[in-house]
Amino acid sequence: MKIATWNVNSMRVRLPHVRGWLAEQRPDVLGLQEIKMPTEDFPQADIEEAGYRSVAYGQRTYNGVALLSREEPADVGVGLPNFPDEQRRVIAATYGEVRIINLYVPNGQSVDSEKFVYKLAWLEALREYLAEQLEQYPQLAVMGDFNIAPDDRDVHDPDAWRGKVLCSDAEREHLQSLLSLGLTDVFRLFEQPEGTFSWWDYRAAAFRRKMGLRIDLILVSSKLASSCSASSVDIEPRKLERPSDHAPVFAVFE
DNA sequence: ATGGCGCGCGCAGCGCGA
């Protein structure tokens, strides 16, 4: 089974990239974030032409998530059950025995903003939800745009970013508390090239200059971790015309 | 190097992202 996550920064604009990537990589499940359109506008027919089912949880202008899959999804859930929120950031579904939760974690803007307070509260509610889901689903994958770089290795210039949003101790501690539930960041199960990132600012030629962060993650339960055979970032779509600022990240399970 | 870029909205220029 191959699963992947990709913040597409507008599904309308990125539909050709998504279709191309599905055709080339053939993931079993692809989680999308920042589709930036209402659920009813999601291009389900175009995705079906590519051989994929889809479930979306979208809204106008901001946020929005979707799950594309070769198999029919079961038990679709949206949102965090313990955190009423107008912002649409979570969609979950079960494929066979595997539960997949697709996330768009709040950005947080800056560590002294109200949005940062919201981000930390959101992460606390996420931890409670994941604790409950782990009890229910031994084979659990939680993937998406976490908007947290787990470690200095995941930051092109750790000193410049130290303490800043996406890299602060408070955010990293929240991520650690998710991992403490029994989840593993599968990317780090394997030897990786130094300076592997999943997001690069559109400004300042950040991609060309390899100035990025790894903030798109795939966390899995121990049962899935033991069967994981690969995990990588595919930076090729970031080189296309009008790219998303994020690259897809995938993991393979035997 | 925070400013630049790119998105939606909507038709100018702003809010937002990370």
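Labels below follow one simple rule: chain letters A, B, ... track the order of the sequence lines, proteins then strands, and each chain is numbered from 1.
- The side-chain hydrogen bond (donor to acceptor under 3.5 Å, both in side chains) contacts involving residues 212-223 of chain A comprise Asp154(A)-Arg214(A), Asp185(A)-Arg214(A), Ser198(A)-Asp216(A), Asp216(A)-His246(A), where partners must be two or more places apart or lie in separate chains.
- Put simply, CE on Met37(A) is 16 Å from P on dG10(B), counting in whole angstrom units.
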Between the protein and nucleotides 4-9 of chain B, which nitrogen or oxygen pairs come in under 3.5 angstrom?
unit_1: dC7(B); atom_1: OP1; unit_2: Arg14(A); atom_2: NH1; d: 2.9
unit_1: dC7(B); atom_1: OP1; unit_2: Arg14(A); atom_2: NH2; d: 3.4
unit_1: dC7(B); atom_1: OP2; unit_2: Arg242(A); atom_2: NE; d: 3.4
unit_1: dC7(B); atom_1: OP2; unit_2: Arg242(A); atom_2: NH2; d: 3.0
unit_1: dC7(B); atom_1: O3'; unit_2: Ser10(A); atom_2: OG; d: 3.4
unit_1: dG8(B); atom_1: OP1; unit_2: Ser10(A); atom_2: OG; d: 2.7
unit_1: dC9(B); atom_1: OP1; unit_2: Thr61(A); atom_2: OG1; d: 3.3
unit_1: dC9(B); atom_1: O3'; unit_2: Arg60(A); atom_2: NH2; d: 3.4

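- Among residues two or more places apart in sequence or in another chain, the side chain to side chain contact (heavy atoms under 4.5 Å, CB included) test is passed with Val78(A) by Tyr57(A), Ile91(A).
- Put simply, the side chain of Phe253(A) reaches to within 4.5 Å of the side chain of Val220(A), judged on heavy atoms.
- In this structure, Gln59(A) contributes its side chain and Arg88(A) its backbone to a donor-acceptor pair below 3.5 Å.
- When rounded to the nearest whole Å, the span between CG of Asp145(A) and C1' of dC16(B) equals 14 Å.
- As judged by a 4.0 angstrom heavy-atom cut-off over every strand, Tyr104(A) is placed among residues touching the sugar-phosphate backbone only.
- Across all strands, Lys115(A) comes closer than 4.0 Å only to sugar-phosphate atoms, never to a base (heavy-atom distances).
- With respect to Asp201(A) and Arg209(A), no salt bridge is recorded, no charged nitrogen being found less than 4.0 Å from a carboxylate O.
- Summary of the strand contacts: Trp199(A) and Trp161(A) both lie near DNA chain B, and taking for each the nucleotide with the nearest heavy atom, the more 5' one is attributed to Trp161(A).
- dC16(B) atom C1' lies 12 Å from atom NE2 of His246(A), rounded to whole Å.
- Stem regions for DNA chain B, each three or more consecutive Watson-Crick or G-U pairs with both distances under 3.5 Å and listed by first number, read B:5-9 with B:13-17.
- With respect to Arg162(A) and Asp159(A), a salt bridge is recorded, a charged nitrogen being found less than 4.0 Å from a carboxylate O.
- Rounded to a whole Å, the CZ atom of Phe116(A) is 14 Å from the P atom of dG17(B).
- Members clustered with Val8(A): Trp6(A), Met11(A), Leu15(A), Val18(A), Trp21(A), Leu22(A), Leu30(A), Leu32(A), Ile35(A), Met37(A), Phe42(A), Ile47(A), Tyr52(A), Leu68(A), Phe250(A), Val252(A), by chain and number, using a 4.5 Å side-chain heavy-atom cutoff among hydrophobic residues.
- Distances shorter than 4.0 Å separate none of the side-chain N or O atoms of Lys164(A) from OP1 or OP2 on dT2(B).
- dC16(B) atom P lies 12 Å from atom CZ of Arg89(A), rounded to whole Å.
- Under the side chain to side chain contact (heavy atoms under 4.5 Å, CB included) criterion, Asp112(A) pairs with Ser110(A), not counting sequence neighbours.
- Nucleotides dT2(B) and dC7(B) are separated by 23 Å at their P atoms, to the nearest Å.
- Residue Asp216(A) is out of contact with every strand shown, counting any heavy-atom pair closer than 4.0 Å.
- For the pair Phe146(A) CZ and dG17(B) P, the computed distance is 18 Å after rounding to whole Å.
- Residue Glu24(A) qualifies as enclosed at atom CD: its count of foreign heavy atoms under 6.0 Å is above 12.
- If you measure from atom CG of Leu103(A) to atom P of dA18(B), you get 13 Å, rounded to the nearest angstrom.
- With P as the reference atom, dG15(B) and dC11(B) are 16 Å apart, rounded to whole Å.
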